[in-house]
Colleague: 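If you scroll down you'll find the structure; I have some questions about it.
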Amino acid sequence: MRMSMLLAPTLREVPAEAEIASHKLMLRAGLMRKAAAGIYTYLPLGYRTLQKIEAIIREEMNAADGQEVLLPILQPAELWHESNRWDDYGEEMFKLKDRNGRQFCLGPTHEEIITALVRTEIRSYRQLPLLLYQIQNKYRDEIRPRFGIMRGREFIMKDLYSFDRDAQGLDKNYWKMYHAYERVFARCGLKTRPVEADPGAIGGNMTHEFMALAEAGEAEIVYCSHCDYAANVEKAQSVISSGKKTGVLEGLAKVSTPNIRTVEELGEFLGRPASDMIKTMLYHNSDMVVAALVRGDHAVNDIKLARAVGVMELELADQATIEEVTGAPMGFAGPVGLKGCRIIADPTVMEMENAISGGNAVDVHMTGVNPGRDFKPDLVIDIRTAQPGDSCPCGQGTLIGARGIEVGQVFKLGTKYSQALGATFLDEAGEENLLIMGCYGIGVTRTMAAVVEQCHDDDGIIWPMSLAPYHVIVVPINYRDESQKAVVDALYEDLTMAGIEVVLDDRNERPGVKFKDADLIGFPIRITVGPRTLENKEAEVRLRSTGEEYVIPLSEVVTNAKERIRRAIEAELPDSRRGR
RNA sequence: CGGGGUAUGGCGCAGUUUGGUAGCGCGCUUCGUUCGGGACGAAGAGGCCCUCGGUUCGAAUCCGAGUACCCCGACCA
């Protein structure tokens with residue numbers, strides 16, 4: 001491709017809308033442009049990279065016996081009513097009507113449509129297992145689109161669905177996909193970490209998220225310094241060393257604490273650490289109120305709490321509910337004498353002695369609170385949010401905190417959708433059984449953003465060889481110089497003939513401009529031809545990733561580049577797949 | 001949906017407080033001089049100042065309504 005022909009509108013200045021590095025760079029390097037909030041047009045360079053990511057995914061999915069299909073994006077409402085997600089998905093779904101008033105949605109995901117397909121096509125255990133996947137646009141009317149392509153309303157996703165006859169089959173496919181994902185992301189040059197996660201609203205019972213480590217990531221994770229344990233903080237377990245037990249129990253006493261509402265204020269007022277306090281948080285949903293008890297220096301994990309009481313969602317109670325249940329305004333809730341709600345305590349609370357808590361009255365707290373003696377929770381279960389510095393459940397290591405971009409997720413769905421939509425098969429005995437499903441997603445467009453987030457410097461993007469829109473850019477210092485033009489045109493021809501993806505910067509620009517653009521776009525290999533080296537029939541090769549620069553004879557440029565590209569792509573392959 | 005902010009040429013911004021009919025930098029076009037890390041000079045093109053309504057002799061500027069976009073929170077690949 002000649003640069004003069006290429007639509008690669010690089011920007012010197014950062015558009016005001018961009019916040020994080022990947023967003024800024026994707027706009028600046030001319031990979032994409034915004035069409036509306038969370039909706040983007042992909043320009044030639046961006047689309048080439050996207051296609052490369054898709055190609056890698058296809059290879060790995062096919063290698064794992066996946067079969068690609070193309071599913072409708074415009075989907076009938078009936079199917080979503082069957083799974084009950086027309087309402088459950090709610091506002092986040094783009095809904096529309098046809099001219100006859102029939103309702104449709106733009107698919108935010110494809111469980112319904114694929115299950116509907118499979119229920120009519122699969123009858124026998126002989127047809128299982130079945131792995132189908134698609135790479136397509138998905139639509140979610142996000143509450144808040146953000147960070148460019150990272151959280152868009154239209155985005156490209158790969159989803160693979162597995163159908164098995166039993167749990168063993170599902171387990172096998174689950175781990176097959178897990179390992180396929182490790183390969184996909186490794187080949188994309190992305191540093192990812194699989195973490196245990198909460199299954200959330202999609203349903204199912206086991207899931208790992210693949211997190212691309214990045215400061216800009218929206219997810220918080222912890223991982224162990226010693227073992228392989230890693231989890232989303234929504235789900236993470238941890239062990240916390242309990243204080244020494246004295247066995248000397250004080251009596252329960254009320255103290256006056258005028259206008260003291262927060263743990264910090266109380267600690268200061270009484271001269272006691274937050275870890276001596278029992279924090280009582282009230283949560284509710286439409287049919288219950290729950291009091292959650294954690295130590296003062298801990299945080300309630302509302303997802304764990306919701307799981308503990310067996311509901312999908314709980315939110316912090318409002319002032320009115322708090323007053324109704326505790327008889328006091330916010331800030332004075334405590335477990336002693338609390339009635340009218342379920343009390344859930346974290347195990348660490350049960351180990352406390354002579355604790356401090358709210359007194360369920362205005363300006364009153366209690367001291368000498370001893371769990372078990374002064375109150376009895378309805379349930380004792382882990383509901384605290386794990387924090388960096390906690391001990392790992394393995395008992396050996398310490399949890400380390402990090403942020404990540406969720407680029408993929410593998411899920412054991414079980415029978416949620418096959419049940420809802422009636423997808424069954426007959427086994428050897430002629431018995432009808434529900435299909436056991438798994439689903440495995442990769443955010444394709446998000447992966448591109450994550451790669452840029454991880455692979456850039458002050459000058460621009462540093463594409464991994466496997467994803468670079470073009471491998472090589474040839475830069476003549478002055479294209480109007482006849483001798484340079486001749487050399488560079490020939491070089492371009494030779495590189496192209498050798499099957500190398502190459503751009504020739506034939507623009508009438510000063511060298512500095514071309515270098516800046518080359519760095520910004522992130523071509524892995526730059527070949528410069530100018531008077532300095534031309535007299536010796538040489539060219540200069542510069543590597544974007546390291547800044548390394550060397551001069552070689554013109555005659556060796558093609559083989560040198562070819563070899564370098566081959567080796568770079570191979571280096572990104574995980575060991576198990578090399579030389580496949 | 002709650003809270004905060006912005007809207008002026010392709011991009012980044014000033015002008016709005018104190019109404020008088022729009023300006024700067026970058027980019028773009030042409031010519032010349034340049035040519036190894038975003039050159040210089042000269043001459044140009046390009047703007048219903050987000051929309052609608054109001055106040056006024058006169059509105060980018062004041063008032064009202066609406067829309068879009070961005071940031072912070074709950075949702076999620």
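Just so we're on the same page: letters track the sequence lines, and every chain starts at 1.
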Colleague: When you look at A:Arg307 and A:Asp382, which way does the salt bridge (Lys or Arg N to Asp or Glu O under 4.0 Å) test go after all the steps?
Modeller: CA-CA 10 Å; A:Arg307 290 289 165 282; A:Asp382 174 23; over 6 Å; no
Colleague: Between A:Asp159 (side chain) and A:Gln134 (backbone), is there a donor-acceptor pair under 3.5 Å?
Modeller: no
Colleague: Sort out the partner of B:G53 for me: Watson-Crick or G-U wobble, both distances under 3.5 Å, none otherwise.
Modeller: B:C63
Colleague: Say you pick atom P in B:U16 and the same atom in B:U55; how far apart are they, in whole Å?
Modeller: 25 Å
Colleague: Only pairs with both distances under 3.5 Å count, Watson-Crick or wobble alike; so what is the partner of B:G47 in this structure?
Modeller: none
Colleague: With C1' as the reference atom in both, quote the distance from B:U51 to B:A60 in angstrom, rounded to an integer.
Modeller: 14 Å
Colleague: Identify whether any heavy atom of A:Gly530 sits under 4.0 Å from a base atom; if not, whether one sits that close to sugar-phosphate; answer base, sugar-phosphate or nothing.
Modeller: base
Colleague: Walk me through whether A:Lys416 and A:Glu111 qualify under salt bridge (Lys or Arg N to Asp or Glu O under 4.0 Å).
Modeller: CA-CA 10 Å; A:Lys416 175 170 175 172; A:Glu111 280 86 14; over 6 Å; no
Colleague: May I ask you to say what A:Lys514 touches in the nucleic acid, namely base, sugar-phosphate or nothing, with a heavy-atom cut-off under 4.0 Å?
Modeller: nothing
Colleague: Which nucleotide, B:G36, B:A77, B:C70, lies nearest any side-chain atom of A:Met157?
Modeller: B:A77
Colleague: Could you tell me the separation between the CG atom of A:Leu27 and the P atom of B:G10, rounded to a whole number of Å?
Modeller: 17 Å
Colleague: How long is the line joining CG of A:Asp87 and P of B:C75, in whole Å?
Modeller: 20 Å
Colleague: Between the base of B:C71 and the side chain of A:Arg146, is there a donor and acceptor pair under 3.5 angstrom?
Modeller: no
Colleague: Polar atom pairs between nucleotides 2-5 of chain B and protein, under 3.5 Å, N or O only, would you list them?
Modeller:
none

Colleague: Round to a whole Å and report the spacing from CD of A:Glu234 to C1' of B:A77.
Modeller: 13 Å
Colleague: Does the side-chain ring of A:Phe515 lie flat on the base of B:G36, meaning centres under 5.5 Å and planes less than 30 degrees apart?
Modeller: no
Colleague: To the nearest Å, how far apart are A:Glu17 CD and B:C11 P?
Modeller: 9 Å
Colleague: Before accepting this row, confirm whether a basic side-chain N of the pair A:Arg403/A:Glu215 lies closer than 4.0 Å to the acidic partner's carboxylate O.
Modeller: no
Colleague: So, using salt bridge (charged side-chain N to carboxylate O under 4.0 Å, His left out) as the criterion, who are the partners of A:Glu112 when residues are at least two apart?
Modeller: A:Arg85
Colleague: Please give the nucleotide sitting opposite B:C69 as a Watson-Crick or G-U wobble pair, both distances under 3.5 Å, or none.
Modeller: B:G5
Colleague: With a 3.5 Å cut-off and heavy atoms only, can you find an N or O donor on one side and an acceptor on the other between the side chain of A:Asp459 and the base of B:G37?
Modeller: no
Colleague: Report which part of the nucleic acid A:Arg526 touches: base, sugar-phosphate, or nothing (heavy-atom distance under 4.0 Å, all strands).
Modeller: base
Colleague: Nearest-Å distance, CE (A:Met93) to C1' (B:A77)?
Modeller: 17 Å
Colleague: If B:G41 has a Watson-Crick or G-U wobble mate with both distances under 3.5 Å, name it; if not, just say none.
Modeller: B:C31
Colleague: Within the structure shown, what part of the strands sits under 4.0 Å from A:Glu91 by heavy-atom distance: base, sugar-phosphate, or nothing?
Modeller: nothing
Colleague: Would you classify A:Asp519 as touching base, sugar-phosphate or nothing, given that sugar-phosphate means primed atoms plus P, OP1 and OP2, and contacts are heavy atoms under 4.0 Å?
Modeller: base
Colleague: So for A:Asp517 and B:G38, does any side-chain atom that can act as donor or acceptor lie under 3.5 Å from a complementary atom in the base?
Modeller: yes
Colleague: Taking atom P in both B:A59 and B:G54, compute the distance separating them and give it to the nearest angstrom.
Modeller: 12 Å
Colleague: Just one of A:Phe210, A:Phe411, A:Tyr440 clears the ring-ring contact (aromatic ring centres under 6.0 Å, His included) bar with A:Tyr178, so which one?
Modeller: A:Phe210
Colleague: Any side-chain to backbone donor/acceptor pair from A:Thr207 onto A:Ala197? Under 3.5 Å, distance only.
Modeller: no
Colleague: Nearest of B:C11, B:A77, B:C70 to any side-chain atom of A:Pro15?
Modeller: B:C11
Colleague: Mind checking if A:Val14 touches a base, just sugar-phosphate, or nothing, with heavy atoms under 4.0 Å?
Modeller: sugar-phosphate
Colleague: Any strand counts, and the cut-off is 3.5 Å on both contacts for Watson-Crick or G-U wobble. Which nucleotide pairs with B:U18?
Modeller: none
Colleague: Quick one: A:Asn478 CG to B:G37 P, roughly how many Å, whole number?
Modeller: 14 Å
Colleague: What is the separation between atom CG on A:Leu11 and atom P on B:C13, rounded to the nearest whole Å?
Modeller: 13 Å
Colleague: Between A:Lys279 and A:His298, is there a donor-acceptor pair closer than 3.5 Å when you use the side chain of the first and the backbone of the second?
Modeller: yes
Colleague: Would you say the base of B:C76 and the side-chain of A:Arg151 have a donor-acceptor pair closer than 3.5 Å?
Modeller: yes
Colleague: If we count only N and O atoms by modelled type, under 3.5 Å, do the side chains of A:Tyr161 and A:His110 hold a donor and an acceptor together?
Modeller: no
Colleague: Classify A:Glu209 by what it touches in the nucleic acid, base, sugar-phosphate, or nothing, heavy-atom distance under 4.0 Å.
Modeller: nothing
Colleague: Name the pairing partner of B:C24, where a pair is Watson-Crick or G-U wobble with both distances under 3.5 Å, or state none.
Modeller: B:G12
Colleague: Are A:Asn62 and A:Tyr133 linked by a side-chain donor-acceptor pair shorter than 3.5 Å?
Modeller: yes
Colleague: Do A:Arg140 and A:Thr109 have side chains that approach each other closer than 4.5 Å (heavy atoms only, starting at C-beta)?
Modeller: yes
Colleague: Can you tell me which nucleotide in B:C75, B:C13, B:C35 comes closest to the side chain of A:Ala16?
Modeller: B:C13
Colleague: Considering every strand and a 4.0 Å limit on heavy-atom distances, what is the contact class for A:Gly152: base, sugar-phosphate, or nothing?
Modeller: base
Colleague: I want to check one thing: is the phosphate of B:C76, taken as OP1 and OP2, less than 4.0 Å away from some side-chain N or O of A:Arg140?
Modeller: no
Colleague: At under 4.0 Å, does any side-chain N or O of A:Arg446 touch on OP1 or OP2 of B:A77?
Modeller: no
Colleague: Kindly indicate whether the side chain of A:Glu13 and the base of B:G25 share any N or O donor-acceptor pair separated by less than 3.5 Å?
Modeller: yes
Colleague: So does A:Arg542 reach the base of B:G36 with its side chain, donor to acceptor, closer than 3.5 Å?
Modeller: no
Colleague: Grab the CZ-C1' distance between A:Phe155 and B:C75 for me, whole Å please.
Modeller: 12 Å
Colleague: What's the gap between B:A7 and B:G15 when it is taken at their C1' atoms, as a whole Å value?
Modeller: 15 Å
